[in-house]
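Below, chain A is the first sequence line, B the second, and so on; all start at residue 1. Just so you know, these numbers come straight off a predicted model, no measurement behind them.
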Protein chains: 2
Amino acid sequence: MDVSTKPRPAAPARPSARERILAAAGDIAHEVGPANMSLDAVAARAGVSKGGLLYHFPAKAQLLEALIVDHLRHFEQELGDHRNEKGGLANILRSYLDVSMVDCARKAPPASGVLAAIVQHPEMMAPITRFKRQMLDRLKADAGEESTALILFLAMEGMRSMKLFNADILSAEETGRAVEALCDLIDSTRRPANPA
Amino acid sequence: MDVSTKPRPAAPARPSARERILAAAGDIAHEVGPANMSLDAVAARAGVSKGGLLYHFPAKAQLLEALIVDHLRHFEQELGDHRNEKGGLANILRSYLDVSMVDCARKAPPASGVLAAIVQHPEMMAPITRFKRQMLDRLKADAGEESTALILFLAMEGMRSMKLFNADILSAEETGRAVEALCDLIDSTRRPANPA
DNA sequence: TTTACTGTACCGTCTGGACGGTAATGTCAA
DNA sequence: TTGACATTACCGTCCAGACGGTACAGTAAA
């Protein structure tokens, strides 16, 4: 009953302004289109003044870059978590597939933020391209056959792009069957677990 | 020697203003980023005054829409041509694969125009989504196994998205091997040619 | 006369971002 | 203990420039 235990009456344990801004940027980009994301709108959505926003991100480009960095780090994090859960036994192909699909099942906003960054500053695609190239190399290293890694990678890029554009083309059933087929592909070309 | 045979001294058989504008839009979108495509820049690149541009496309949204319609019609056209070349014998899966890959091998600008449209007016994604859904249905109808159609579709979406973002992730060799693998997949699950 | 533009001038709106506050919270010497 | 200053984390306003779009007078070919 005593409200005084919570010094701040509203918003218990509210995320930091920075996090709120990043999340708001994704939301706004998703709502008005990635090309039309204005700082005013982001600030308002984040519950921050424009001055406050510019304190955390002195230029729009820096906000956009943060969106990308965040996204990449988040994916890498989830990939690591997934592999640890499986005790490091699962091969990367499967982890990559699972994490990508979980990512795609999420709400669109975060991806829209990344899209906003890319279309406003095409050069920001570079770190993403690098990241994906490394990802592909990791897949190739662990795949029994190169073609398996390539097809899996391409299929996941396809999934991701459909999510990025909010294009719900595949039904849930089709998505499930596609994943199943990719699993079969991975397993059928799996190389001998350990040469020892 | 007589220049008077060509009434216009410069640019022999120059494409129509409309076509030039559409092409210029793609170029500009590619150069400055799909979000930063301004009408002034497009008009200048197309060698048309701003008034001239607005004569053909009274609003920016109409230019963007034309970019999408053009792109879709162009793809459909190429698909038809490809099938006719093969005397209608090639199954759609192969035609779709070939045409998609040719499309991806082209210079990026046209795709950037489409991207510009989508990110500025997300609702313009709808016709593209519809088109792709129909494409997928056609693939499914002709595939021996649904999973083949799904994987091929996803992989091509992946290819297309990498092109869209100018991300040259796969080497030419990898691309070739991926296509080969997809061909094998199509052939290995081909259903009996004709039940008659 | 119509079509297909050119060229210029202009308007209102939006946007990024610069800037000058300010309140709260340290930090530290006297 | 206190006053002086520094730092952090913002707020709110203002402005120059860019952009989409309008208006309109002119022109050259069909």
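Here the straight-line distance linking atom CG of B/Leu79 with atom CD of B/Glu76 works out to 6.0 Å at 0.5 Å rounding. The structure places OG of B/Ser95 at 5.0 Å from CZ of B/Arg83, a figure rounded to the nearest 0.5 Å.
For B/Lys60 and C/dC14, the NZ to P distance is 15 Å, given to the nearest whole Å. Note: CD (A/Glu19) to P (D/dA9) measures 13 Å, nearest angstrom. Atoms CZ (A/Arg18) and C1' (D/dC10) sit 16 Å apart, rounded to a whole Å. We find that CG of A/Asp40 is positioned 12 Å from C1' of D/dC14, with the value rounded to whole Å. Counting to the nearest Å, the C1' atom of C/dT6 and the CZ atom of B/Arg20 are 12 Å from each other.
The hydrophobic clustering, which links ILVMFWY residues whose side-chain heavy atoms are closer than 4.5 Å, places A/Tyr55 and A/Leu53 apart.
Annotation: side-chain hydrogen bond (donor to acceptor under 3.5 Å, both in side chains) contacts involving residues 58-67 of chain A, sequence neighbours excluded, comprise A/Lys60-A/Gln120.
Ion pairing between a basic and an acidic side chain is recognised when a charged N comes within 4.0 Å of a carboxylate O; A/Asp142 and A/Arg138 show no such pairing. Using a cutoff of 4.0 Å between basic side-chain nitrogens and carboxylate oxygens, A/Glu157 and A/Arg160 are scored as salt-bridged. The pair A/Glu85-A/Arg94 does not count as a salt bridge, with every side-chain nitrogen at least 4.0 angstrom from each carboxylate oxygen.
Within a heavy-atom distance below 4.0 Å of DNA chain C, the residues of residues 29-39 of chain A found are A/Met37, A/Ser38, A/Leu39. Against DNA chain D, the stretch residues 48-59 of chain A makes heavy-atom approaches under 4.0 Å through A/Val48, A/Ser49, A/Gly51, A/Gly52, A/Tyr55, A/His56.
Under the 3.5 Å distance criterion, the side-chain polar atoms of A/Lys163 are matched with a main-chain donor or acceptor of A/Arg106.
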